[in-house]
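Below, chains carry the letters A, B, ... as their sequence lines are ordered, and counting in each starts from 1. From a predicted model like this one, the values you see are computed outputs, not experimental measurements.
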Amino acid sequence: MIMKNLSRRQYIKTTCAAGGCLLAAPLMQKFLTSNARAQSSGLEDKTEARYYQKLDNRKIKCQLCPRECVIDDLERGYCGVRENEGGVYYTLVYGKACSAHVDPVEKKPMFHFFPGSLAFSYATAGCNVMCKFCQNWEISQSRPEQIESLDLPPQKIVTLARHNHCVSIAYTYNEPVVFTEYLYDTAVAGRKPGVKSIMISNGYIQKQPMSDLCQVLDAVKIDLKAFSERFYTELVAGHLRPVLDTLVLLRKKNMWTEIVYLVIPGQNDDRRELKEMCKWIVTELGPDVPVHFSRFHPQYRLTNLPATPLETLKTARQIGLDNGLHYVYTGNIPGDPGENTYCPGCGAVLVRRIGFRILENKISDSKCPTCNYKIAGIWK
Amino acid sequence: MEKRRQFIKKTMLVGGALLLGRRSATAYAVPGLTIPSNTAGQKQSRVVIAHRNDLRTSQNLPDEAAVQKLLDTALENLFQQNSQNIWRYLFKPEDIVGLKVNCLAGKGLSTRPELVNAVVERLIAAGVNKSNIIIWDRHDNDLLRAGYTLYQGRQKVQCFGNNRVGFSQDIAEYGQIGSLLTRIVTEMCTALINLPILKDHGIVGLSAGMKNNFGVINNPNKYHDNIGDPFVADVNMLPPIRNKTRLIICDAITAQYEGGPPFMPQWCWNMDSLVVATDIVALDQVCWDIVETKRKAEKLFSLKQAGREPRYIATAADQTHRLGTNDLEKIECVRV
């Protein structure tokens, strides 16, 4: 049973905490249906995009993500939020947040970065891939004019984050690569008052923009969606290689990185594939990168598949540990012991979690209090 | 209740048409009005290219009266009926008719208001209430750029973009496509007329009938990979589009053979024509042929050589899609 380690008292406490978080949010999440008053949002307020090349006949070539869309005048890129007008490329989502929340940082999930802290989380419309299992498809697969947005310029985001006692700003829900200018400027604005920045990304980005973002980010979570090109082609409409390249780049930049792997029954849960991936992570990124094996729930265009069996997640976690990873978690199963952080040195429980709530954190001065083992992460 | 005389007249008209021509495989075949063919059994679909030398005014703009005549000529040759009968049989007074124009490229290369006005006039004459006619495209801004006047209400013909009414909440899926569809198509209209522009397209090769239906979906930017194949065909398989489209009238008054989809005057020519059909695949095949002929005359590479052969047309005709025929041998292309 999922909740077998959760007492009634703990459950109520957890639920109340989550509720409190929602109440604290200054802006309710606005997943607006297409039937909402569909006013033009973003189309009139354009900001010139970065990372593109001008071509002949008013065409441009986008150099933000590996797709490298070549876009004619008055057309948009694959992401749907960047438009060529007269040979100048514009982002239509700069300062236009369609969703904003105050979340526990564990919700990202980010387990080794200021545990128990709050992250001011926001999104815009658009995405540069099209996962058939996307849980936020209402915004990620929409154009800016199809959903309602709020005017939230970078400085306003920082003010809201501070007002809500957030340690960090999380660029999340949709794919932040597509609003890279907005992200970058918000992260810069947050640096002065000491608000951190976390990018929650699919890693589908070119080297230059990612390198630039590394200068202003404090942590990155990458959704590694599978370890096979077939999966990326068929279910993501993208490619695996660029994501792996991004992970290696983040390692070289010493960026704190955590990986989430959504385990989908019959699609990316092959044991050999999982083993191969874990080995690759250990070799290329090191054993200290936390890996979260998360539970899939039927969503969007994959409603024909069942939710991931708990045993599959536990097996995946074990494969990770057996292949040398130090911090492997199960995700989306509140109360599972796989949510806790264990010391790689002595095996002691260091951080006990239920869902997004920290019940106990024994890490002291980034070390295990029992054996003094240095625990990787950014703890305070 | 129909009078006996009316019933007999209607039955004879339909029966006559059936005897004259084999029913097209297209999903766009019009119930109650089948396209006749002079070569019974050999041709599956008819496409009419109607042209007038006197289409333009001295200011080089389309003359509204001449466009009206051109439209009548085109349809009369397609259905071999007089214009009045055609519109009455295609549309009922209770229909709410959506006119899908293509206005992305602005005034220079969008579906001409003169043509749309001609269609509107014939619909009204056929008994359709003017406020039950909706001229639409993806966004208000597209329509404004092309010279249309926006209106939403009950006093006159309506004209607005998808942005006014939004999209259906259910995901429509076929093949590779998963999209929300504009409520104009799913909830408001009972019938559709597709009014595309004939132009080159820098990614998928050709923008004509099938490509114009990308304006129905919320996420067209997701479906240009692989030269639009099979995505363009898949979009046209979505039931609300298949079932409601009754006619395709392609505006080839000004056409463009290179540099599309934006307006590039250096690659446009005054074709002063309309291309009409009920078989959208046949229409696109003929339009492709027109563009290739022009490209050859202008000493440009063929679309295949340019790496953007519109393969989606063949896909739309394949055994899985069966949206129409792309075999020029089986298309009766009538030039008038």
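Using a distance-only test at 3.5 Å, with no hydrogens or angles considered, no donor-acceptor pair links the side chain of Glu145(A) to the main chain of Asn163(B). The closest donor-acceptor contact from the side chain of Arg301(A) to the backbone of Ile177(B) lies under 3.5 Å.
Each of Asp225(B), Asn219(B), Asp140(B) has some count of heavy-atom pairs under 4.5 Å with chain A, and the biggest count is that of Asp225(B). Between chain B and the options Asp72(A), Val129(A), Asp73(A), the largest number of non-hydrogen pairs under 4.5 Å is found for Asp72(A).
Using a 4.5 Å cut-off between heavy atoms, Asp142(B) does not touch chain A at all. Only the backbone of Cys79(A) comes within contact range of chain B, with heavy atoms under 4.5 Å apart. Of the two parts of Ile171(B), only the side chain, counted from C-beta on, holds a non-hydrogen atom closer than 4.5 Å to a non-hydrogen atom of chain A.
Atoms CD and NZ, from Gln176(B) and Lys132(A) in turn, are 5.5 Å apart once rounded to the nearest 0.5 Å. Atom CZ of Phe263(B) sits about 9.0 Å away from atom CZ of Arg58(A), to the nearest 0.5 Å.
For the residue pair Glu75(A) and Pro261(B), the shortest heavy atom distance occurs at OE2-CG, 2.8 Å. Between Val70(A) and Ile203(B), the shortest heavy-atom distance links the atoms O-CD1, 4.1 Å. Taking every heavy atom of both residues into account, Lys222(B) and Tyr78(A) meet most closely at NZ-O, 3.2 Å.
Within residues 301-308 of chain B, no residue has any heavy atom closer than 4.5 Å to a heavy atom of chain A.
The number of heavy atoms from other shown groups lying within 6.0 Å of CD (Gln155(B)) does not exceed 12.
When the salt bridge (charged side-chain N to carboxylate O under 4.0 Å, His left out) test is applied to Lys225(A), no partner is found at least two apart in sequence or on another chain.
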Next item on the list: Kindly determine whether Leu74(A) and Arg145(B) satisfy side-chain contact (heavy atoms from CB on, under 4.5 Å), including the steps that lead there.
Entry: CA-CA 11 Å; Leu74(A) 298 173; Arg145(B) 269 203 306 262; 4.3 Å; yes

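Under the side-chain contact (heavy atoms from CB on, under 4.5 Å) test applied with Asn221(B), the options Arg143(A), Arg82(A), Met130(A) reduce to a single match, Arg143(A).
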